[in-house]
Amino acid sequence: MTPGTGTPGSAPLLIACALGIERLALGGGFGGAAGPVTVLRTGMGPQAADRAVALALGDDPELCDAAVIATGFCAGLAPGMHPGDLVVADETRDGAGRTECVGVELLAKELARAVPRRVIHTGPLVGSDHIVRGAERTALHAAGALAVDMESAATLRSAVRAGPRPVAAVRVVVDAPEHELVRIGTLRGGISAFRVLRTVLPAFFEWHRSLLLPRR
């Protein structure tokens with residue numbers, strides 16, 4: 001867990017990712033954040049994500065009311081998706097239920113500004129406890145999901161279980177139906193997704209800043 005700095009006394013932001021390569025892509029540039037920023041590497045899989053987020057929000061009093069964003073890589077499910085596309089979840093879902101995301105339109109707008117040449121998709125992000133390929137990928141898309149990953153649904157569910165808070169999920173497509181990836185970082189799709197993930201922090205900070213504005 002890597003803490004950053006922000007405006008003292010303002011609401012914190014917790015950014016959760018699973019893998020070391022995702023954490024590396026996010027870097028440590030927290031300038032411009034509206035409050036303290038913590039990047040949490042949860043480990044791979046829904047159980048690890050659930051446990052890590054629950055511990056972070058429960059054990060650190062400075063994070064008890066943090067807004068939470070789940071991020072990292074995902075597998076696209078819709079035909080025509082490409083590595084490097086961005087997915088902004090309007091909800092996450094898995095066998096345990098659904099979690100609604102907050103500020104989806106604003107987040108998509110800020111990402112379009114941060115990464116103007118990338119396609120941004122908005123829709124349901126489904127959770128799995130294993131790598132999804134082939135016919136299973138097709139079935140998940142037929143059920144309405146736009147993309148799949150192993151941690152986002154568990155991360156957001158754990159976050160709202162710890163107390164009411166804004167949550168969101170943004171993932172970068174690392175493989176898609178026509179571009180299945182064998183190993184992250186060894187193929188062009190993995191490199192493209194890594195480069196896109198390096199650009200998302202400013203959009204996260206603007207999303208977070210909008211949550212702190214007075215409501216009329």
Side-chain angles (χ1 to χ4, degrees), residues 2 14-28 39-50 52-53 68-94 99 101 104 107-108 111-112 114-115 117-134 136-137 140-141 145-156 158 167-204 207:
T2 305
L14 177 68
I15 302 171
C17 62
L19 304 176
I21 192 171
E22 295 167 338
R23 178 64 189 88
L24 179 64
L26 291 168
V39 179
L40 173 67
R41 180 183 171 188
T42 65
M44 185 183 296
Q47 292 183 339
D50 189 340
V53 172
V68 174
I69 294 183
T71 196
F73 303 131
C74 71
L77 300 175
M81 296 180 85
H82 294 86
D85 286 3
L86 283 150
V87 174
V88 181
D90 58 10
E91 67 174 19
T92 57
R93 58 170 78 158
D94 61 9
T99 304
C101 297
V104 176
L107 194 46
L111 286 164
V115 200
R117 290 182 293 275
R118 293 294 177 175
V119 177
I120 298 172
H121 309 267
T122 301
L125 179 61
V126 68
S128 175
D129 61 0
H130 59 277
I131 302 297
V132 173
R133 298 193 184 281
E136 188 177 6
R137 189 192 297 255
L140 288 174
H141 178 55
L146 184 63
V148 59
D149 77 273
M150 297 175 66
E151 295 84 25
S152 291
T155 292
L156 299 199
S158 181
V167 294
V170 174
R171 291 277 171 170
V172 182
V173 175
V174 74
D175 72 342
E178 295 89 358
H179 307 273
E180 285 200 348
L181 183 70
V182 176
R183 185 177 303 161
I184 291 175
T186 61
L187 298 181
R188 185 174 300 173
I191 296 170
S192 176
F194 178 87
R195 288 174 175 167
V196 173
L197 191 59
R198 291 180 64 182
T199 69
V200 299
L201 282 180
F204 291 0
W207 172 83

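- The environment of Gln47 atom CD is sparse: at most 12 non-hydrogen atoms of other residues, nucleotides or ligands sit within 6.0 angstrom.
- Pairing each heavy atom of Leu197 with each of Leu26, the nearest pair is O-CD2, 4.1 Å.
- The heavy-atom pair separating Pro83 from Arg118 by the smallest distance is O-NH1, 3.8 Å.
- With contacts defined as side-chain heavy-atom distances shorter than 4.5 Å, the pair Val174/Phe194 does not qualify.
- In this structure, Arg171 and Glu22 have side chains that are in contact, with non-hydrogen atoms separated by less than 4.5 Å.
- Between Val173 and Val119 the shortest side-chain heavy-atom distance does not fall below 4.5 Å.
- Within the 4.5 Å cutoff, the side chain of Leu125 has no heavy atoms near those of the Leu146 side chain.
- A donor-acceptor pair under 3.5 Å links the side-chain atoms of Glu151 to the main chain of Gly45, judged by distance alone.
- A distance of 9.5 Å separates CG of Leu77 from CG of Asp175, quoted to the nearest 0.5 Å.
- With hydrogens and angles ignored, the 3.5 Å screen pairs no side-chain donor or acceptor of Ser158 with any backbone N or O of Ala154.
- Note that CE of Met44 and CG of Asp149 are 11.0 Å apart. Values are rounded to the nearest 0.5 Å.
- Expressed to the nearest 0.5 Å, how far CG of Asp94 lies from CE of Met150 amounts to 12.0 Å.
- To the nearest 0.5 Å, atom OG1 of residue Thr92 and atom CG of residue Leu156 are 4.0 Å apart.
- Taking every heavy atom of both residues into account, Ser128 and Pro46 meet most closely at O-CD, 3.9 Å.
- Ile69 CD1 to Trp207 CH2: the interatomic distance, rounded to the nearest 0.5 Å, is 4.5 Å.
- The backbone N or O of Gly76 lies less than 3.5 Å from a partner atom in the side chain of Arg137, making a donor-acceptor pair.
- Note that the CG atom of Leu86 and the CE atom of Met81 stand 9.5 Å from one another [nearest 0.5 Å].
- Between Ala16 and Val53, the closest heavy-atom pair is CB-CG2, 4.5 Å.
- Crowding of Arg198 atom CZ: a count of heavy atoms from other residues, nucleotides or ligands under 6.0 Å not exceeding 12.
- Residues Ala70 and Thr155 come closest through the heavy atom pair CB-CG2, 3.9 Å.
- Closest approach of Ala153 and Arg93 over heavy atoms only: CB-O, 3.9 Å.
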